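Here is the structure we will look at.
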Amino acid sequence: MDFSLNEEQKLIQQAARDFAQNELLPEVIERDDAQRFPKEEIKKLGDLGFLGMMVDPKYGGSGLDTLSYVIAMEEISKIDASTSVVMSVNNSLVCWGLEKFGSEEQKEKYLTKLSTGEQIGAFCLSEPEAGSDATSQKTTAIDMGDHYIVNGTKNWITNGGTASTYLVIAQTDKEKKHRGINALIIEKGTPGFEIGPKENKLGIRGSDTHSLIFNDVKVPKENRIGEDGFGFKFAMKTLAGGRIGIAAQALGIAAGAYEMALKYSKERKAFGTEISNHQAIAFKLADMHTEIQAARLLVYRSALDKDNGKDYDLSGAMAKLYASKVAMETTVEAVQIHGGNGFVKDYHVERLMRDAKITQIYEGTSEIQKIVISRSILK
Ligand code: CAA
């Protein structure tokens, strides 16, 4: 097993690090405060080729591997998880799903714009009563011959207000349960499609999370992804890769908080010496460093599984479960090491602590990851 990065991956890591420092850090606190979407920053991320990292260059992508993607996700997430969730959803849910399962026409029409960042995409599975229980879709897509009529509501949709292209999961045939579900591409502005209110969130406040309402929305048949009834499998297969991206986000949040705590502990003095000289602090740093390294190995492992064509349902779920736990624990400890300063916004770690929580919830809660892991090891 060789986890060392090649020259290209090191360059990507450096580019992501520079971008985070130069473009994201300066206004990250203001964006979080004002719940302001990083519009300009996302545009620049697209120019860097970070919004369609794994997409074939013939569709405007960067043609990179999953390992490069998780390395970039980690660096961006160290500074700004609100930006990295936009990057993650666009890369691994929307672009990957379209490239893997979309028709040639769909790729030409949508993927080329999404992979360059000319447009942003959203992945719409969750509903008021279908979060973890994702097969219980109430949104309907009734087959009308050459088109579908979509009705229903989606909740907590990342990029909900800013996206142009929405991948919407809906029930066509209730009798067939999850085998009667379809995934449809719905464009912003289609009559009957409304963007609901923006959510006021605990963390990732710069990201744009909305409910979506569909009232008799007419969607042409050619906008269905895959065969009739493929929608639930599409969602599951796409989310399996998405979880690797969120695991990398969690890793980045943890590593960012750790780096800040390490630096602070060498500057702040108490009882006549830098606080890093007190074992109470040094042992916290030792635990943080060890757990982050363990999380990184799981994240890299799952990315390599995907790149090597191996099954990554299990390794991706383990990476997300563990990295999100490490993110939560590390950020709490980073606030503790910062003491009173950790509780105020200027020092960043309180924001990272708030941002960490969502990594245990979206793209499958930690409990859902345990279902995936336990089913895999027991089967
Ligand atoms: N790959 C392919 N197919 C899969 C699959 C996978 N990884 N996992 C399940 N399936 C298939 C099964 O094979 C089955 O199909 P067949 O009957 O034809 O074999 C079908 O899906 C249903 O599977 P289950 O019987 O296992 O279904 P279940 O009701 O027990 O649920 C679950 C399984 C894993 C709990 C699933 O419901 C799940 O993942 N829930 C969480 C949903 C989730 O992650 N939501 C996140 C929302 S998106 C988001 O957060 C994005 C964002 O904006 C950041």
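Note that ligands are numbered from 1 as they come in the structure, with each ligand's atoms numbered from 1 the same way. FYI, the numbering just counts along the sequence from 1. Please read these numbers as outputs of a predicted model, since none were measured by experiment.
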Item to complete: Inspect the contact between Glu259 and Lys78 and indicate whether a charged nitrogen and a carboxylate oxygen are less than 4.0 angstrom apart.
Response: yes

Worksheet item: Considering only heavy atoms, does Val89 approach ligand 1 within less than 4.0 Å through its side chain, its backbone, both, or neither?
Response: side chain

Worksheet item: Does any N/O atom on Gly364 come nearer than 3.5 Å to any N/O atom on ligand 1?
Response: yes

Worksheet item: Any idea which of Ser132, Ser376, Ala317, Gly316 brings a heavy atom closest to atom 41 (C) of ligand 1?
Response: Ser132

Discussion item. Measuring from non-hydrogen atoms of Ser88 to any atom of ligand 1, is the shortest distance under 4.0 Å?
Written reply: no

Worksheet item: Taking atom types as modelled, is there a side-chain donor on Ser88 or Tyr69 under 3.5 Å from an acceptor on the other?
Response: yes

Worksheet item: Can you tell me the protein heavy atom closest to atom 35 (C) of ligand 1 and the distance?
Response: Ile368 CD1, 3.7 Å

Worksheet item: Would you call Leu239 a ligand 1 contact, heavy-atom distance under 4.0 Å?
Response: yes

Worksheet item: Are Glu350 and Arg354 within salt-bridge range, i.e. N to O under 4.0 Å?
Response: yes

Worksheet item: Any idea which of Thr359, Ile157, Asn159, Thr135 brings a heavy atom closest to atom 27 (O) of ligand 1?
Response: Thr135

Worksheet, complete the sentence: the protein heavy atom lying closest to atom 22 (C) of ligand 1 turns out to be Phe232 CE2, 3.6 Å

Worksheet, complete the sentence: Within 4.0 Å of some non-hydrogen atom of Ala134, the atoms of ligand 1 are 37 (O), 42 (C)

Worksheet item: Any salt bridge between Glu267 and Lys263, counting N to O under 4.0 Å?
Response: yes

Worksheet item: Looking only at side chains, do Asp307 and Thr66 share a donor and an acceptor under 3.5 Å apart?
Response: yes

Fill in: Worked verdict on Tyr166 versus Phe193 for ring pair (Phe, Tyr, Trp, His ring centres under 6.0 Å)
CA-CA 11 Å; Tyr166 298 75; Phe193 174 20; 4.8 Å; yes

Worksheet item: Taking N or O atoms only and a 3.5 Å limit, does Arg375 qualify as a polar contact for ligand 1?
Response: yes

Worksheet item: Counting only non-hydrogen atoms of the protein, does one fall under 4.0 Å from atom 32 (C) of ligand 1?
Response: no

Fill in: Contacting atoms of ligand 1, where contact means under 4.0 angstrom from a heavy atom of Lys237
1 (N), 2 (C)

Worksheet item: Are side-chain N/O atoms of Gln249 and Ser84 paired as donor and acceptor at under 3.5 Å?
Response: yes

Worksheet entry | Any side-chain donor near an acceptor of the partner, Glu187 and Tyr110, under 3.5 Å | yes

Worksheet entry | Contacting atoms of ligand 1, where contact means under 4.0 angstrom from a heavy atom of Tyr362 | 50 (O), 54 (C)

Worksheet, complete the sentence: protein heavy-atom neighbour closest to atom 7 (N) of ligand 1 works out as Asp313 OD2, 2.9 Å

Practice prompt. Just let me know how Glu363 lines up against ligand 1, side chain, backbone, both or neither, with a heavy-atom cut-off below 4.0 Å.
Written response: both

Discussion item. Between the side chains of Lys284 and Glu333, is the shortest nitrogen-to-carboxylate-oxygen separation below 4.0 Å, so that they form an ion pair?
Written reply: yes

Fill in: Thr158 N/O to ligand 1 N/O under 3.5 Å
yes

Worksheet item: Counting only heavy atoms on the protein side, is anything nearer than 4.0 Å to atom 25 (O) of ligand 1?
Response: no

Worksheet entry | Closest approach of any protein heavy atom to atom 14 (C) of ligand 1, naming residue and atom | His178 NE2, 3.6 Å

Discussion item. For Leu93, state whether at least one heavy atom is located under 4.0 Å from any atom of ligand 1.
Written reply: yes

Worksheet item: Do NZ/NE/NH1/NH2 and the carboxylate oxygens of Arg17 and Glu75 come within less than 4.0 Å?
Response: yes

Item to complete: Report yes or no: is the cationic atom of Lys221 (NZ for Lys, CZ for Arg) closer than 6.0 Å to the six-membered ring centre of Tyr148, at no more than 45° off its axis?
Response: yes

Discussion item. Which residues end up grouped with Leu202 if you chain together Ile, Leu, Val, Met, Phe, Trp and Tyr wherever their side-chain heavy atoms are less than 4.5 Å apart?
Written reply: none

Worksheet entry | Element-labelled atoms of ligand 1 that are located less than 4.0 Å from some non-hydrogen atom of Ser126 | 47 (C)

Item to complete: Report the residue from Pro38, Ser207, Ser82, Pro26 that forms a side chain to side chain contact (heavy atoms under 4.5 Å, CB included) with Arg31.
Response: Pro38

Fill in: Region of Arg243 that comes within reach of ligand 1 [heavy atoms, distance under 4.0 Å]
side chain

Worksheet item: In the protein, what heavy atom is nearest to atom 34 (C) of ligand 1, and what distance, to one decimal place, separates them?
Response: Val372 CG2, 4.1 Å

Worksheet item: Of all the non-hydrogen atoms in the protein, which one sits nearest to atom 42 (C) of ligand 1, and at what distance?
Response: Gly131 O, 3.7 Å

Fill in: Pick from Lys233, Glu367, Met236: the one approaching atom 12 (C) of ligand 1 most closely through a non-hydrogen atom
Lys233

Response to the item:
Hits for salt bridge (Lys or Arg N to Asp or Glu O under 4.0 Å) against Glu227, two or more places apart or cross-chain, chain-then-number order -> none

